[in-house]
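Have a look at the structure below before the remarks.
If you read the sequence from its start, that first residue is 1, and numbering goes on from there. Atoms within a ligand are numbered from 1 in the order they appear, just like the ligands themselves. Nothing here was measured: the structure is a model prediction, and the numbers come from that model.
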Amino acid sequence: MAILGIESTAHTASVGIVGDRAEVLGLASDMYRPPAGGIHPREAANHHVELLPGLVRQALDAAGVGPESIDAVAFAQGPGLGPCLRAGATVARILALSWEKPLVPVNHCVAHVEIARVLSGLDDPLLLYASGGNTQVIAYGRGRYRVLGETLDVGIGNFLDKLWIELGGTFPGGPALELEARQGHELVELPYSVHGMDVAFSGMLTAALAQHRKGVGRPDLAFSVESTAYAMLTEITERALAHRQRDSVVLGGGVACNERLRSMVRTMVEERGGTMFAPPRAMCVDNGAMIAWTGRLAFDAGLTVPVESSAVQPRQRTDLVPTPWRPA
Ligand code: AMP
Ligand code: MG
């Protein structure tokens with residue numbers, strides 16, 4: 001039997017159907033791309049409302065199953081943009097009611113950890129979660145997933161997107177900056193902003209744009225931004241490993257698609273004698289399969305929610321959600 005999972009926390013609407021051993025039976029996604037500028041929550045939510053019913057159908061068709069094969073419907077309850085979350089939750093509630101299936105709430109950040117954990121085969125890795133809106137180092141401890149370090153201002157992906165748009169590009173900026181950075185080689189100085197276990201990016205955005213106005217070209221700027229920002233993430237991940245006496249790291253989030261980030265974290269972890277695992281790109285970015293898989297774990301541990309108390313939680317905190325499938 002399978003779980004159907006719905007992801008809609010930000011720009012991506014996605015429906016995944018996952019089997020008992022985390023095999024992805026069907027996955028259908030569509031990303032909202034604003035015509036100009038960043039994401040407008042209401043516009044993204046409209047996109048999700050329009051596309052999700054078709055994505056449900058596509059995922060079922062890809063899996064070759066009907067509603068009778070679905071054990072439960074899981075949805076991303078938070079954190080995320082309120083209107084976007086509500087779009088996904090509404091579709092999940094309708095499916096749960098009309099198919100007469102239990103509804104399972106899933107925390108989006110925990111889902112990134114769980115999909116990477118099962119795909120890696122690592123029992124208790126640390127997660128470096130680097131996405132558009134989130135940048136966190138997460139580890140399990142004392143019965144909950146704990147945020148050991150995080151961004152103090154914007155998520156790294158939002159920072160890269162904003163920079164690229166200011167440089168004349170379009171959303172999403174991260175992949176375009178990665179290509180541009182491969183042509184760069186000169187390191188210009190940018191603020192290296194690590195505060196204990198936390199990082200900040202807004203100062204780097206201001207400084208990078210100032211360097212650009214002074215004549216630094218896009219390739220060198222992109223190279224320098226990647227070098228500096230990913231070194232900051234690698235540093236806090238290393239400190240978390242040392243502090244928590246762990247030896248393995250998994251990556252998650254759209255920015256974890258970046259080859260440079262992958263190789264910097266890999267080098268650091270392997271120099272410590274540990275293991276680094278980066279999931280395939282489709283499982284790094286926001287996707288319904290990770291919601292379905294975490295829904296499977298939660299459902300098997302008895303975690304369901306009645307429709308009338310299934311409100312979304314845009315600011316849901318990783319360390320406040322119960323994880324009864326993991327030993328305390
Ligand atoms: P997510 O929020 O996890 O869905 O990821 C979306 C974010 O990942 C956006 O900010 C993208 O710019 C960023 N992103 C995607 N691919 C890459 C890449 N190859 N390098 C850097 N950032 C990326
Ligand atoms: Mg995400």
Side-chain angles (χ1 to χ4, degrees), residues 5-14 16 27 29-34 37-39 41 44 47-48 75-81 84-85 88 106-116 127-136 138 145 147 150-151 154-167 169-182 184 201 204-205 221-223 225-230 232-234 250-265 278-291 293-294 314 316 318:
I6 297 183
E7 159 61 33
S8 73
T9 56
H11 43 60
T12 299
S14 178
L27 179 62
S29 308
D30 196 281
M31 183 176 166
Y32 168 70
R33 289 172 192 270
I39 304 174
H47 163 272
H48 301 347
F75 71 102
Q77 189 175 32
L81 303 170
C84 297
L85 286 167
V106 168
N107 175 278
H108 177 88
C109 306
V110 169
H112 275 290
V113 189
E114 291 300 350
I115 195 73
L127 172 78
L128 171 59
Y129 174 33
S131 77
N134 297 291
T135 304
Q136 299 180 329
I138 297 172
Y145 280 107
V147 177
E150 64 189 319
T151 178
V154 293
I156 180 153
N158 286 358
F159 154 64
L160 298 172
D161 295 336
K162 182 105 184 16
L163 175 65
W164 187 242
I165 290 165
E166 295 279 339
L167 294 174
T170 53
F171 177 87
L177 275 166
E178 174 165 32
L179 295 178
E180 197 85 26
R182 291 196 190 142
F201 298 107
M204 199 187 316
L205 177 65
L221 202 61
F223 172 75
V225 163
E226 284 204 342
S227 305
T228 311
Y230 298 159
M232 287 161 48
L233 297 185
T234 307
V250 294
L251 300 184
V255 183
C257 293
N258 187 281
E259 286 300 334
R260 188 94 190 282
L261 177 63
R262 287 175 178 228
S263 89
M264 287 169 74
V265 176
R281 287 177 174 68
M283 292 296 124
C284 278
V285 299
D286 292 349
N287 67 85
M290 69 181 191
I291 304 299
W293 171 242
T294 310
Q316 188 176 57
T318 306

| Inter-residue atom distance Glu150.CD - Tyr129.OH, 0.5 Å rounding | 12.0 Å

| request: In plain terms, say whether Glu178 and Arg262 are close enough for a salt bridge, that is, a side-chain N and a carboxylate O under 4.0 Å apart. | output: no

| remark: min-distance protein heavy atom vs atom 22 (N) of ligand 1 -> Gly174 CA, 3.2 Å

| Would you find a donor on one side and an acceptor on the other, under 3.5 Å apart, between the side chain of His112 and the backbone of Leu128? | no

| task | Keeping the roles fixed (side chain from Thr12, backbone from Met31), state whether a donor-acceptor pair exists under 3.5 Å. | result | no

| What protein heavy atom sits nearest atom 19 (N) of ligand 1, and how far off is it? | Glu178 OE1, 2.7 Å

| message | Below the 2.8 Å mark, what number of protein N, O or S atoms do you get around the Mg ion (ligand 2)? | response | 4

| query | Is Asp161 close to ligand 1, meaning an N/O of one under 3.5 Å from an N/O of the other? | reply | yes

| request: Would you tell me whether Glu114 and Tyr145 have side-chain atoms, one donor and one acceptor, within less than 3.5 Å of each other? | output: yes

| task | Note the single closest protein heavy atom to atom 13 (C) of ligand 1, along with its residue, its atom name and the distance in Å. | result | Val255 CG2, 3.8 Å

| Residue pair Arg33 / Thr170, side-chain donor-acceptor N/O under 3.5 Å | no

| message | Within the structure provided, determine whether Phe159 and Val225 are in side-chain contact (heavy-atom separation under 4.5 Å). | response | yes

| task | Please round to the nearest 0.5 Å and tell me the distance separating atom CE of Met290 and atom OG of Ser14. | result | 8.5 Å

| message | Please list, in number order, the atoms of ligand 1 under 4.0 Å from a heavy atom of Gly253. | response | 3 (O)

| task | Report yes if some N/O of Gly254 lies less than 3.5 Å from some N/O of ligand 1; otherwise report no. | result | yes

| request: Indicate yes or no for a side-chain donor-acceptor contact from Glu7 to the backbone of Thr9 under 3.5 Å, with no hydrogens or angles considered. | output: yes

| Can you list the ligand 1 atoms lying under 4.0 Å from a non-hydrogen atom of Pro172? | 11 (C), 12 (O)

| field | Minimum-distance protein heavy atom relative to atom 20 (N) of ligand 1 | value | Asn258 ND2, 3.0 Å

| Between atom CZ of Phe171 and atom CG of Asp161, what is the distance when rounded to the nearest 0.5 Å? | 5.0 Å

| request: Verify the distance criterion only: is there a donor paired with an acceptor across the side chains of His11 and Asp286 at less than 3.5 Å? | output: no

| message | Side chain or backbone, does His112 bring an N or O within less than 3.5 Å of an N or O on ligand 1? | response | no

| message | With heavy-atom distances below 4.0 Å as the criterion, list the atoms of ligand 1 near Pro175. | response | 12 (O), 14 (N), 15 (C), 16 (N), 17 (C), 18 (C), 19 (N), 23 (C)

| said: Does only the side chain of Tyr230 get under 4.0 Å from ligand 1, or the backbone, or both, or neither? Count heavy atoms. | reply: side chain

| For His11, is the nearest heavy atom under 4.0 Å from an atom of ligand 1? | yes

| message | Considering both backbone and side-chain atoms of Phe171, is one of its nitrogen or oxygen atoms within less than 3.5 Å of a nitrogen or oxygen in ligand 1? | response | no

| Nearest 0.5 Å, what's the CG-CG distance between Leu221 and Leu167? | 6.0 Å

| said: Main chain of Val285, side chain of Asn287: is a donor-acceptor contact present, judged purely on distance under 3.5 Å? | reply: yes

| field | Identity and separation of the nearest protein heavy atom to atom 7 (C) of ligand 1 | value | Gly132 N, 3.7 Å

| task | Indicate yes or no: at least one non-hydrogen side-chain atom of Gln77 is less than 4.5 angstrom from one of Leu85. | result | no

| Any N/O pair Glu226/ligand 1 closer than 3.5 Å | no

| message | If I take atom NE2 from residue His108 and atom OG from residue Ser8, how far apart are they, to the nearest 0.5 angstrom? | response | 10.0 Å

| Mind checking whether Gly133 has an N or O less than 3.5 Å away from an N or O of ligand 1? | no

| query | At a 4.0 Å threshold, what atoms of ligand 1 neighbour a non-hydrogen atom of Gly173? | reply | 12 (O)

| query | Does ligand 1 have any atom sitting under 4.0 Å from a heavy atom of Ala10? | reply | no

| query | Under 3.5 Å between some N or O of ligand 1 and some N or O of Gly157? | reply | yes

